[in-house]
Amino acid sequence: MVFRRLAAAAALAFVSTVALVSAQDFPKGPVTMLVPFAAGGPTDVVARLVARVMEKELGQPVLVENATGAGGTLASGRLARATPDGQTILLHHMGITTSATLYRKLAYDPKTAFGFVGQVTTVPMLLVSRPNFEPADFKALLAYIKDNKDKVSLANAGPGAVSHICGMLFMQLTGVKLTTVPYKGTGPAMTDTIGGQVDLLCDQTTGATGPVKTHKVKAYATATAERIPVLPDVPTAAELGLKGFEVGVWHGMYVPAGTPAPVIDKLNAALKAALHDPETVRRFAELGTAPVSDAEATPEGLKAKYFAEIDRWAPIIKAAGEYAD
Ligand code: MLT
C-alpha cells in the first residue's frame, strides 16, 4: 500500500516535472503556424496578423506555412501527425468542423486529434462577382442565374471551405445549380474573379473588403443578419428577399492532442496578446472583423465551440447529401 502511494507520488512528480520542463523549454525554436488555404486569402490574412504579435510574445519566429489542399483537411492532417510539443500549430476556420462530416475518409479522427488554444475571430461573408458581370443588382442576379445557369460559374476553395458552404447554401436557397470552380483558397479565386475568369464568389470580408471598396468586384448582398459596418452600402440578402442566406465564419487555433497544458497556456497568452494588440484590432476592423471575447479566446471556449459546431453541421450536411472523398 505504502509502496503504491510512493509510486503514485513519484509518477505525479515525474508528470509535473515533464510539464514544467516542456513549458520552460517552449518554444525551443521557430513555431510553424499551418494555414490550410492559399497565401493572400482571408485565413492567411488573419494568421499573419496574429503571428506578427505572437512571435514577439514567444521570443521565437512564428512562421506561417500555407499547407493547402483537400479543403483544408491536408493541413489538419499535418497537425494531427505533428509532435505534440507546441512547435506546430494550426489556424483554421469553421471548415475544420464541417469537414468532420463532409469527408467520408479523413487521415485523422476529428473527435480526438486536436488540442485547443483558443478562438480568434468571427468574420462575415458576402456574395461578389467579376466587375463586368451583367446583372446590375441582386434581384437581376437571381433572374439572370435562373435563365443562364449553365453559363454561370461560382468559385470556391474546395469542399470544406467556407466559400463552398456559402455557395452551396446560395444554390440551395435559389434552387439553381451553378458550375462550381475549386481553387486552393479564395485568394486566388478572388484574383480570377477580379480578372473576369469566374463570375461569382462567396468570400469573407477579410478577403473581399478591399476589392469591393476599390470596385474591382461587384458586391450583391451580404450573407449576414445585419449589414456589415465596414461595407454599409451592401444590403443583406434577407433585405432583398432571400431569407436564410447567413454564414458566420469563426477561426480557432489548434495544437496536436497530447500537447502539455503549460505549453497550451503559453500559446494562449501569446494569442490573447495578439488579439489585444491595437494594430491587430485596427487592421481587423478595416477588414470587417474583430477579435473574439477573452472568454472565447480560451482552450475551453474553443473546445466547446468545436464540438458544438461538429454537432450543428452534421445533420445539415447529411441532409444535403454532399460528401467529399
Ligand atoms: C481562404 O483563406 O482562402 C478561405 O478561408 C477559403 C474558404 O474557406 O473559403
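Counting starts at 1 for both ligands and their atoms, following the listed order. Owing to the predicted nature of the structure, the values given are computational and were not obtained by experimental measurement.
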Report task. Using the six-membered ring wherever Trp is involved, compare the ring planes of His93 and Phe37 and label them parallel, tilted or perpendicular (cut-offs 30° and 60°). Result -> parallel
Query raised in the report: Can a non-hydrogen atom of Pro42 be found less than 4.0 Å from any atom of ligand 1?
Result: yes
Query raised in the report: Quick one: ring pair (Phe, Tyr, Trp, His ring centres under 6.0 Å) pairs with a partner in residues 200-232, sequence neighbours left out?
Result: none
Query raised in the report: Which residue holds the protein heavy atom closest to atom 2 (O) of ligand 1, what is that atom called, and what is the gap in Å?
Result: Thr43 OG1, 2.6 Å
Requested in this report: Using non-hydrogen atoms of the residue, decide whether Gln204 is closer than 4.0 angstrom to ligand 1.
Outcome: yes
Report summary line: Among Val46, Thr186, Leu201, the residue with a heavy atom nearest to atom 3 (O) of ligand 1 is Thr186
Query - His93 neighbourhood, listing ligand 1 atoms whose heavy-atom distance to it stays under 4.0 Å - result: 5 (O), 7 (C), 8 (O)
Requested in this report: Please determine, by modelled atom types, if Asp199 and Ser129 share a side-chain donor-acceptor pair under 3.5 angstrom.
Outcome: no
Query raised in the report: Which ligand 1 atoms are under 4.0 Å away from a heavy-atom of Gly185?
Result: 3 (O)
Query raised in the report: Are Glu239 and Lys243 ion-paired here, with the side-chain N under 4.0 Å from a carboxylate O?
Result: no
Report task. Check each heavy atom of Ala157 against ligand 1 and say whether those closer than 4.0 Å belong to the side chain, the backbone, both or neither. Result -> side chain
Report task. Please assess Val263 against Asp85 for the test side-chain contact (heavy atoms from CB on, under 4.5 Å), listing each intermediate value before the final yes or no. Result -> CA-CA 7 Å; Val263 170; Asp85 58 2; over 6 Å; no
Query raised in the report: Ser163 heavy atoms, cut-off 4.0 Å: which ligand 1 atoms fall inside?
Result: 7 (C), 8 (O), 9 (O)
**Report entry** ligand 1 N/O within reach of Ala38 N/O, cut-off under 3.5 Å
**Finding:** no
Query raised in the report: Side chains of Arg52 and Thr280: is there a donor and an acceptor less than 3.5 Å apart?
Result: yes
Query raised in the report: When you look at Tyr108 and Phe114, which way does the ring-ring contact (aromatic ring centres under 6.0 Å, His included) test go after all the steps?
Result: CA-CA 9 Å; Tyr108 56 91; Phe114 308 121; 5.4 Å; yes
Requested in this report: Please confirm whether Asp44 comes within less than 3.5 Å of ligand 1 when only nitrogen or oxygen atoms on both sides are compared.
Outcome: no
